[in-house]
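A short write-up of the structure that comes next.
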Amino acid sequence: MLNTEGFRAPVLEATNISKSFGTVPVLFSLSMDLRPGEVHALIGENGAGKSTFMKVLAGFHQPTKGRIKLDGQEIALPPNGEAEALGVVLIHQELNLAEQMTVEENVFLGRELSRFGVLDRAKMRETVQGYLDQVGLTISPTDRVSDLSIAEKQMVEIVKAISRNARVLVMDEPTAVLTEAETEMFFEQVRRLKDSGVSIMFVSHKLAEVEAISDRVTVLRDGHWITTAATTDLNTETMAQLMVGRELSDLFPPMNEVDVDARIMLGVENLNTASCKDISFDLKRGEILGFSGLVGSGRSALFEAIVGLDPILSGQIIYEGRAFKPTSVAKARDSGIVYLTKDRKDKGLLLNQQMQPNLTLLSLAKFAGALGVDWKAEAEALARATRRFDIRAKTEDSLVGNLSGGNQQKLLLAKVMEAEPKVLIVDEPTRGIDVGTKQQIYHFLAALALEGVSIIVISSEMPEIIGMSHRVIVMREGEIAGELSGNDINEQEIMRYAAGLKSRSMA
Amino acid sequence: MSNVNTQQAAPKPPFRLDIKAVGPLVALILLCILGYVLNPAFASEGNLTNILTRSAFIGIIAVGATFVITAGGIDLSVGSMAAVISGVMIITMNSAIETFGSGLTTVILGCGCSVILGLGAGFINGLLTTKGKIEAFIVTLGTMGIFRSLVTYFADGGTLALDFDIRGVYRPVYYGDFLGLPIPIWVFACVALIGWFLLNRTTFGRYCTAIGSNEGVAKYSAVNVDRIKTMTYVIQGLCVSLATIIYVPRLGSASASTGVLWELEAIAAVIIGGTVLKGGYGRIGGTVIGALILTTIGNILNLTDLVSNYLNGTMQGLIIIIAVWLQRGPWQKQASGQT
Amino acid sequence: MKTLAKLSAALLLGMTGAAHAQDRIKIGVSYPTPTHAWASGMNWHAEQAEKRLEELHPNVDLILINSPDPASQASALEDLVSVHNIDALVVLPFESEPLTDPVLQVKQTGALITVVDRGLSQPGIEDIYVAGNNPELGRVSAEYMMTRLESGDNIVILRGIPTLIDNERFDAFMETIEGSGINVLDHKHANWNRDDGYEVMQDFLSRFDDIDAVWAQDDDIAIGVVAALEEAGRTGDGMFVVGGAGMKETIKGIMDGDELVPVDVLYPPSMIATAMDVTVNAFTSNGPVAGRYILGATLIDKSNAESFYFPDSPF
């Protein structure tokens, strides 16, 4: 995949970049270069300084020390995204699209085409349609962004970048929220961009993807440069080791078999909701049950109904041997069923609040006494949780929005655990977090199961489902497509059910 | 990113001195110094009591508004609500004289009527916002117009006046003293204290903050969003009714011009006090100071003839903006290191 | 008031038949929505006049419309022309400037124009002008003050909403007391509002130890002033308050011999009724009715209060 001409002059080159926020140093003398037509992956654990480094490279942060060269010329990149004019475009992890505007309006935002002072909508629409065709995206330029899926929004961001003649595209975890199929489509686009000479730098926690798509890899650890190497010289194993700086023992903890006569905690019979049809399954005490399927297959909707967020149309739920009607999240919580949402930022955590109110929000009643909420008990709970889940924050009163993704996820897990659940439902528990934190979470979940908590893991990451689950249920279009256990749990089987090549009746 | 030392996670101090809290206080102190320099009569006991008493109306309403705004709502109807409640109170008391005489019973009846109306009006605002799924701005803009025109209708476009016999009994509620301080100041202080406790020390207050921060998160965290939001409007209604109960004995009348723009003054007091207009952060103490600042500006302008009468609005506007700037000034650096 | 009555009677007698009595005569009456007591008094008088005139002249149709702001009043005028096809317009403009042009549009349809209370900013549009006398109100108030006060006495003034009306009253007052030796300690706007009157007066009381009288300019403000005076216990020593407009409660007080508010200066809300009378006369009588009718600002005291007392009016 490397350029056949061999070494070409780098388009963007950073030398000895250091960056501090106030007195806190974050980056220590980092150097790297980006060649034309290269896909360069930036990997590292949460908190390694990847996002900060990318923002420096795209002009959003000014380096405290060090030089940046663009096309061989030393340059101070203008702040606030104005570097886009120079062809350096950063696509943020939180997409920067105006939700209420159309695709076309977003692509041309800030540089609208006009004729005689009037917006030339026809021309803009045509241009955008051209780009969409090029990307192979089947949405219309007049679609409202808020109506698009996350993957589609991401593609719109890329279209926006292409339309600005981006020569350097910097992407922060572009595949974090994409399904496998969407990721494949995205890679297709990356290859096309690369062939047209665009240089791409991206952060990813999905090492298999890094291996598949990148030409070179740069590894950061704790703000230091560790290495830059051709991808062909590495594999996922070595990458992970470079990131954590130690030998990674198995990512997944050893699987403990469920007691054969463990009692059934949760039984679902013929459940129907607005988006789920005729769902039946059982969950035993201490069991980890995986739910796999494509995005939109109804997994989240099913469990949101089970915890009382969505109405149940028919069917019944048996919980601890008794019929259970989930009328509210509070009732589910009080009974011991909690749900950890996949949407950490919009449904999971209050980003503009500190950790303490976040930690106790779900179980606040527990902290309330006659004299109101017991701040002292809350603070003790936070101290316990930071220890137990190894949550790292600059200070105790840091806003949650300023924590790294992994620490946010651990805090979210701590939050649901404050409710002391007997049935824990985790939806995409490791989305967008580094491998070290993933490992911590897997081990934590396994330990919990051993203590007798029943766990449901919903995940789009195949290895996670396979590595964690005692049994796997695959959903497709709101129905259960199949159930796998033991040695049948493998990627091929799951995919065949998920894609509809095989169904329960055929099995 | 350094690891916080989890061992020393001692209970947080309940009071923390940050610029958000101190800013409005600094503004108020500066304003008082200015007032004293311009006219030493500013610091007279009588004048200070006047300021405190006068702040009570807007202040009590603003305490309620702090809940609504913290939970991400807004209530534009409070001024009109105060007017219509005053009006109905006066009508009720006037017509109750025949049955109950012009004694305490009638006054208590009037006050009871006020509380019921306040709770009811707040409940309607809340219900339309939550169950009706209409933006709070629109709901309360609508009820604002309804309440305002109702009082105009009840007063036949004119003024409703409380019967003179009852005024004698009711008068002490505004003009009376307790331990040397006028009753309205006591009511204001009690409302503020209870408000502070509710917002800072109860699950209800925490839920208000959570909803204002992010309704989705609150919903997923087992918070009954609709009920809490409705409750904030009910509290707002109750605060309006309390303010009305001490307002009516002052002049014994209500008209279509009663309480005009009180909603904006209450919202201004809340924001000056450091509560965030889009929700998620509320401060009762700040609101109290905000209300005091607003009243003090008006008082100082009356005590001097430094600026043209026509520029009163300019002075008020400037001071409001400066007060808010003091808490959000550029010195508020926030190290925002993240990866 | 009396002169006016004589005038209209004369007009009525001097005219015969009905020049315009083709079929029905439609007269639009447009004024601001009553949001304060004076305006609602005006509304009441307008409604009374409508009833009375329509009974008296079966072929006259009066259409009353009130509007909450200048823009909607302009639209209301358009509707009166396009929907009702009016023959005459009686208008109390919200504000002079923005309504001058809309009234001119109505005039161009051939309608007779009667302007009440507030003049338009361009002369010659109205055929008939009926107004209270704002400078006269200031002058009469000042003259009364001068009869009760001596040189060296101190007064404070609570003004209305900063507008032309307020300025006319205030300037005439100041002109009249000039040279009398009466000190005006300060003047602040109390916006013709009871609450503002109360608060401004409270502050005047903390600021000035020696106040002998208060010109409140308006009866609503005066109510607030009286409450503040009573609260501070400064009602004695011959202290008195002069309001204005002719609110029924104030007039009742004067009839009963109130010493704190012994007089009132009339600025009658019934002027709209007068204007309607004159306008109807223009159609039912034969002679010229065009011209300017300026109502007096009568000083109401115990001797004449009874004739200005309308217990049924809201004002």
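Values reported hereafter were calculated over all heavy atoms of this structure, with side chains retained and with hydrogens, waters and symmetry mates removed. Since we're looking at a predicted model, the values are computed, not measured. Just so we're on the same page: letters track the sequence lines, and every chain starts at 1.
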Tell me whether [X] contacts the main-chain N or O of [Y] through its side chain, where contact means a donor paired with an acceptor under 3.5 Å.
X      : Y      : answer
B:T70  : B:C208 : no
B:T275 : B:R283 : yes
A:K422 : A:G336 : no
A:Q353 : B:G280 : yes
A:R299 : A:D427 : no

Checking [X] against chain B: side chain, backbone, both or neither under 4.5 Å from a heavy atom?
X      : answer
A:N352 : side chain
A:L361 : both
A:A377 : neither
A:T341 : side chain
A:T360 : side chain
A:L27  : neither
A:K415 : side chain

Lys/Arg cation over aromatic A:F324: A:K331, 6.0 Å, 45° cone: yes

Winner by heavy-atom pair count (cut-off under 4.5 Å) against chain B, out of A:E304, A:M54, A:K345, A:K19: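 Heavy-atom pairs under 4.5 Å are most numerous for A:E304.
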
Counting heavy-atom pairs under 4.5 Å to chain B, which of A:A368, A:A330, A:G369 comes out on top? A:A330

Just by distance, with hydrogens left out, do A:S300 and A:K342 show a side-chain donor and acceptor under 3.5 Å apart? yes

At a 4.5 Å cut-off on heavy atoms, which part of B:F204 comes close to chain A: side chain, backbone, both, or neither?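 No part of it gets close to chain A.
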
Against chain A, label B:N200 side chain, backbone, both or neither, depending on which of its atoms sit under 4.5 Å from a heavy atom there. both

Specify whether A:F60 and A:H92 have parallel, tilted or perpendicular ring planes, treating 30° as the upper limit for parallel and 60° as the lower limit for perpendicular.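 It falls in the perpendicular class, over 60°.
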
